[in-house]
Peer 1: 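Input: one structure, supplied below.
Below, read A as the first sequence line, B as the second, and so on, with proteins coming before strands; counting in each chain starts at 1.
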Amino acid sequence: MNLPARLDDIGLPTRHEDWRWSDLSAIETALTSAPTRPANDAAPDLRPWMVPEHDGPLLIFVDGRYVEQGSTPGYVKTAMAADVDGHGLLGKLARAHRTVAVTAKPGERLHIIHFASGGQAHLDLVYDCPAGETMRVIETYVGGGDCWTNVAVTASAGEGGRIRRAVRVLQDGGVWTESVAGTVGTAAHYGSVSMLGSVASARSEYALVLGDDADARVDGTMVGGGRQILDIVGRVRHEGVGGTSGQTWRAVAANKAQASFAGRIEVARGAQRTDANEDIKALLLDRTATVNAKPELEIFADDVKCAHGATVGELDRNALFYLASRGVPEDAAKTLLTEAFVADAFEAVENAELRDLLGNDARAALEAVR
Amino acid sequence: MLNINNLHASVGDKPIIKGLSLDLPDGEVHAIMGPNGSGKSTLSYVLSGRDGYEVTDGTATLDGQDLLAMDAHERAAAGLFLGLQYPVEIPGVSNLNFLRTALNAQREQRGEDAVSAADFLRMARTESAAFDLSMDHMKRGVNVGFSGGEKKRNEMVQMALLQPKLALLDETDSGLDIDALRVVADGINRLRDPKRSFLLITHYQRLLDYVKPDRVHVLQDGAITRSGGPELAHELEREGYVGIAA
């Protein structure tokens, strides 16, 4: 597989239903552009995006290259990893063209920060959590320009293992895509929370397969303004008995932005006592913005609980009046209610500092689109 | 304190308030009683500046300031408090954050310094205890998962913290059991002050057994049809609005 030079080389199945709302034409721009930072440069100043009081391993990437200076890999292996099935085309591409593969093992919380300056960058992240262990990771994507950051995440949690992943997409423009293939073993847990902000175009696709009594959560917030296009394509498949899963997404779309969510819950034959839930809520700040929500259920077992709900609306007039009647001016009231709206998606984050960090990212993104 | 003169107001094209006049002096407690559909809630919304309620004639002033010329949040900063009949739930905004934001927004509009987090917390502790609302309720989303009575007591906590000049309490007594009614009434009585006035909008005289009003007004079809002392509430209870109108 050569590095693609044109969009056609990738062969994205744009006519496929899963690609209905994605617009990755900006990838084309990235393919013909190059990083603006010289390859031998040290990392740029990344302090604004660092995680406060982070004491675990830190991996710094610039335009897909691993930068040793400033990185503290600790237990993390930056070697090639074996191929794992389950990825879509973007994931396969990232796996084939990774510059460095990260294999994380449990330990302290890992922070991966990627800075893009232009051109295409492919990252291959492998989270391998053995039985009974807990792995925590934060990924932060920053930089901007005519760039395309493409990430493949292959996660597997062994029996009773727990993977907790936070994804901050704060790239200022450009394209960001990810493909997540996850295997959640018996009584294991996979939880991810995403904050998709200022990027021009984003697509997150995830496919999780759950075993007996496994639990998965995929939550996130999309904040879009201008002509941003943000797209989530999710699939959670229950193959074992007694599995639970939840997907909570909040989207705020202003101006001509488009935020889309297509989430599929699959319950395989025999996956009894599955309890799966999908909760999508979107807020339109302007009538010119677009939100698409498409929950899907495919159930082949009879003793299951599957629920999905999707609402698209505007800020609650009653709540706005309530705040006004207490003396809060309209703009401040709208800010407060919008921040509260997106914070719903961060509810399941156990770590209070991380919740605050994501809340601050969301606040900054909301300020930018208003 | 509050002067309403020949007020007319409509919702959509429908006139609801039809020539209402009322004079509420400093430090007094007045009650407005009226049957369903007489315009009680409309009056409270018109005075507090809710969208969709159009004043077509008349004036309303608070301490000489033209209330009707102000936005809702400016009326609050000028000293008006509306205790809602159905307090709104706001998930994701904690009660404490809501109140501190409100208090400091009002203070900012009045050119006063913001209250520090520590001072505010102290005030919030005192007032929530006074109205028998736990600090857990104060940390939760505004009114989220509160019982009807807890929502009303939360309105009272807000009133106590915001220290308005004029409190407009719209059916604050509805949905309260007898113990909660006493807590609310004690709170109102505690906040009575020569510089603060109350307008209690209510269906029943029950609340008026605990908060003794200086005057009682009967609101029927958008205008005050009778005014009198506290005994008028008892008369209403005995004879009903139909009897009074006759």
Side-chain angles (χ1 to χ4, degrees), chain A residues 193 195 219-223 246 248-252 279-283 285 309 311 313-349 352 355-356 358-363 365-367, chain B residues 44-53 70-95 97-110 112 140-144 151 154-155 157-159 161-164 167-170:
Chain A
V193 58
M195 165 58 224
D219 302 332
T221 285
M222 295 183 259
V223 178
T248 298
W249 284 88
R250 295 289 176 266
V252 177
D279 168 20
I280 320 301
K281 290 198 179 109
L283 198 58
L285 295 187
T311 61
E314 296 170 298
L315 286 172
D316 180 3
R317 304 302 309 172
N318 289 326
L320 282 171
F321 171 69
Y322 196 35
L323 280 155
S325 77
R326 298 296 177 259
V328 182
E330 192 175 355
D331 278 355
K334 284 183 173 168
T335 302
L336 195 65
L337 293 180
T338 312
E339 285 174 14
F341 175 81
V342 300
D344 251 10
F346 306 143
E347 279 285 289
V349 177
R355 209 164 47 231
D356 287 349
L358 292 163
N360 289 338
D361 291 340
R363 198 166 300 128
L366 287 168
E367 263 166 37
Chain B
S44 64
Y45 285 145
V46 167
L47 291 177
S48 53
R50 184 166 197 157
D51 285 348
Y53 293 78
M70 293 186 244
D71 284 338
H73 70 276
E74 294 166 337
R75 298 181 198 199
L80 178 74
F81 177 86
L82 169 67
L84 278 101
Q85 186 179 357
Y86 302 108
V88 181
E89 293 187 12
I90 311 181
V93 179
S94 78
N95 219 356
N97 184 18
F98 171 74
L99 266 169
R100 193 170 162 229
T101 304
L103 182 62
N104 283 334
Q106 289 199 14
R107 293 179 68 91
E108 192 185 332
Q109 289 173 74
R110 294 193 294 257
E112 299 164 7
R140 266 197 240 159
V142 179
N143 293 321
V144 176
K151 285 180 182 171
N154 193 26
E155 294 290 283
V157 172
Q158 295 175 30
M159 178 176 73
L161 276 166
L162 296 171
Q163 297 274 324
L168 211 65
L169 305 181
D170 186 5

Peer 1: Are more than 12 heavy atoms from other residues, nucleotides or ligands located less than 6.0 Å from atom CZ of A:Arg317?
Peer 2: no

Peer 1: Please state whether the side chain, the backbone, both or neither of B:Gln106 comes within less than 4.5 Å of a heavy atom of chain A.
Peer 2: both

Peer 1: I want to check something: taking the side chain as every heavy atom from C-beta on, are A:Asn318 and B:Arg50 in contact at a cut-off of under 4.5 Å?
Peer 2: yes

Peer 1: Give a yes or no answer on whether the side chain of A:Arg326 reaches the backbone of B:Leu82 with a donor-acceptor pair at less than 3.5 Å.
Peer 2: yes

Peer 1: Between atom CD of A:Glu330 and atom CG of B:Asp51, what is the distance when rounded to the nearest 0.5 Å?
Peer 2: 7.5 Å

Peer 1: Enter the distance from A:Tyr322:OH to B:Asn143:CG here, rounded to the nearest 0.5 Å.
Peer 2: 4.5 Å

Peer 1: Is it the backbone or the side chain of B:Arg75 that comes under 4.5 Å from a heavy atom of chain A, or both, or neither?
Peer 2: neither

Peer 1: Can you tell which part of B:Asn97 gets under 4.5 Å to a heavy atom of chain A, answering side chain, backbone, both or neither?
Peer 2: side chain

Peer 1: Measure distances from A:Asp344 to the heavy atoms of chain B and classify the residue's part below 4.5 Å as side chain, backbone, both or neither.
Peer 2: neither

Peer 1: Under a 4.5 Å cutoff for heavy-atom pairs, which residue among A:Ala332, A:Pro329, A:Ala333, A:Ser325 has the most contacts with chain B?
Peer 2: A:Pro329

Peer 1: Can you establish whether the number of heavy atoms outside B:Glu74 located under 6.0 Å from its atom CD is more than 12?
Peer 2: yes

Peer 1: What part of A:Ala319 is in contact with chain B, defined as an atom under 4.5 angstrom from a non-hydrogen atom: side chain, backbone, both or neither?
Peer 2: both

Peer 1: Measuring from A:Leu323:CG to B:Thr101:OG1, what's the distance to the nearest 0.5 Å?
Peer 2: 8.0 Å

Peer 1: Could you look at B:Gln158 and say if it's the side chain, the backbone, both or neither that has a heavy atom under 4.5 Å from chain A?
Peer 2: side chain

Peer 1: Please report the shortest heavy-atom distance between B:Ala76 and A:Ala324, naming the atom on each side.
Peer 2: CB-O, 4.0 Å

Peer 1: Answer with side chain, backbone, both or neither: which region of B:Tyr45 has an atom nearer than 4.5 Å to a non-hydrogen atom of chain A?
Peer 2: side chain

Peer 1: Taking atom CG of A:Leu320 and atom NE2 of B:His73, what is their separation to the nearest 0.5 Å?
Peer 2: 12.5 Å

Peer 1: What pair of heavy atoms forms the shortest contact from A:Phe321 to B:Gly49, and how long is it?
Peer 2: CE1-C, 4.2 Å

